[in-house]
Amino acid sequence: MKRTIGIVGSLMLIAAPAWATTASHCVKADRLQIEGLFERWNSALKTGEAKKVTDNYLSDAVLLPTASNKVRLTEAERLDYFEKFLAKKPVGNIDSRTIRLGCNKAVDAGTYTFTFADNSKISARYTFTYAWDGAQWKISTHHSSAMPET
């Protein structure tokens, strides 16, 4: 019995430092990096390819889109939304923003305007939350809602 406890105790000592290193690993972005993430997403919109847009999102990201009442929780649901949205050929422009930086996460919230191929526009409020996935920054939550006042 003592030998079993000794082995388990030794394994715990070996595993604990590895866990502590992983748990305490903190990746911080700076403001310009987060601004660049919107530009990366907007550039993907300009390609007209829904898959290129959804590649910016974590696999379990939440999308609360501007032009749909349906919450998009899966890759397939996000693809469906962007296939329809991209048909209008949107180009986004940030009007105002506030960026908050944290450990392995960042938030970019503000207002943006989309201009479409037919020259129509829609102004909306947005929040992008980003998470570090171990290799790059990805969108974990994206909320966008049209401005209520015209």
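What's counted below: heavy atoms across the whole structure, side chains too, no hydrogens, waters or symmetry copies. Since this is a predicted model, take the numbers as computed values, not measurements.
- Remark: Phe38 engages Trp41 in a ring-ring contact (aromatic ring centres under 6.0 Å, His included) (not counting sequence neighbours).
- For Asn56 (side chain) and Asn42 (main-chain N/O), no donor-acceptor pair under 3.5 Å exists by modelled atom type.
- For the atom pair Leu63 CG and His143 NE2, the distance stands at 10.0 Å (nearest 0.5 Å).
- Under the side-chain contact (heavy atoms from CB on, under 4.5 Å) criterion, Ala50 pairs with Leu79, Phe82, Glu83, Leu86, sequence neighbours left out.
- Judged as a salt bridge (charged side-chain N to carboxylate O under 4.0 Å, His left out), the pairs with a partner in residues 39-60 (not counting sequence neighbours) are, in order, Glu49-Lys52, Lys51-Asp55, Lys51-Glu75.
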Please test Phe85 against Val53 for side chain to side chain contact (heavy atoms under 4.5 Å, CB included), starting from the C-alpha separation and ending with a verdict. CA-CA 11 Å; Phe85 187 66; Val53 178; over 6 Å; no
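- Cluster annotation: Leu37 and Trp132 are assigned to the same hydrophobic cluster (Ile/Leu/Val/Met/Phe/Trp/Tyr, side-chain heavy-atom contacts under 4.5 Å, transitive).
- Under the side chain to side chain donor-acceptor pair (under 3.5 Å) criterion, Thr66 pairs with Ser144, not counting sequence neighbours.
- The aromatic rings of Phe128 and Tyr126 lie tilted to each other, with the angle between the two planes from 30° to 60°.
- Applying the salt bridge (charged side-chain N to carboxylate O under 4.0 Å, His left out) rule to Lys84 yields the partners Asp80; only residues at least two apart in sequence or on another chain are considered.
- With sequence neighbours excluded, the residues that form a side-chain contact (heavy atoms from CB on, under 4.5 Å) with Val71 are Val62, Leu64, Leu73.
- Among residues two or more places apart in sequence or in another chain, the side chain to side chain donor-acceptor pair (under 3.5 Å) test is passed with His142 by Tyr57, Tyr112.
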For residues 90-99, please give each side-chain donor-acceptor pair under 3.5 Å, one per line with the distance, not counting sequence neighbours.
from  : atom 1 : to     : atom 2 : distance (Å)
Asp95 : OD2    : Thr113 : N      : 3.3
Asp95 : OD2    : Thr113 : OG1    : 2.6
Ser96 : OG     : Thr111 : OG1    : 2.8
Arg97 : NE     : Asp108 : OD1    : 3.3
Arg97 : NE     : Asp108 : OD2    : 3.4
Arg97 : NH2    : Asp108 : OD2    : 2.8

Under 3.5 Å, which donor-acceptor pairs link side chains of residues 26-33 to any protein atom two or more places apart or in another chain?
from  : atom 1 : to    : atom 2 : distance (Å)
Asp30 : OD1    : Leu32 : N      : 3.1
Asp30 : OD1    : Gln33 : N      : 2.8
Arg31 : NE     : Glu35 : OE2    : 3.1
Arg31 : NH2    : Glu35 : OE2    : 3.4
Gln33 : OE1    : Asp30 : N      : 2.8

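- Note that OG of Ser59 is 7.5 Å distant from CZ of Arg78, once rounded to the nearest 0.5 Å.
- For Lys70, the side-chain contact (heavy atoms from CB on, under 4.5 Å) criterion is met by Ser68, Arg72, Glu77, not counting sequence neighbours.
- The OG1 atom of Thr127 sits 12.0 Å away from the CD1 atom of Ile139 when rounded to the nearest 0.5 Å.
- For residues 134-145, the set of pairs meeting the salt bridge (charged side-chain N to carboxylate O under 4.0 Å, His left out) definition, not counting sequence neighbours, is empty.
- Summarising the geometry of Ala67 relative to Tyr81, their closest heavy-atom pair is N-OH, 3.3 Å, with the distance given to 0.1 Å.
- The stretch residues 112-125 participates, sequence neighbours left out, in no salt bridge (charged side-chain N to carboxylate O under 4.0 Å, His left out) pair at all.
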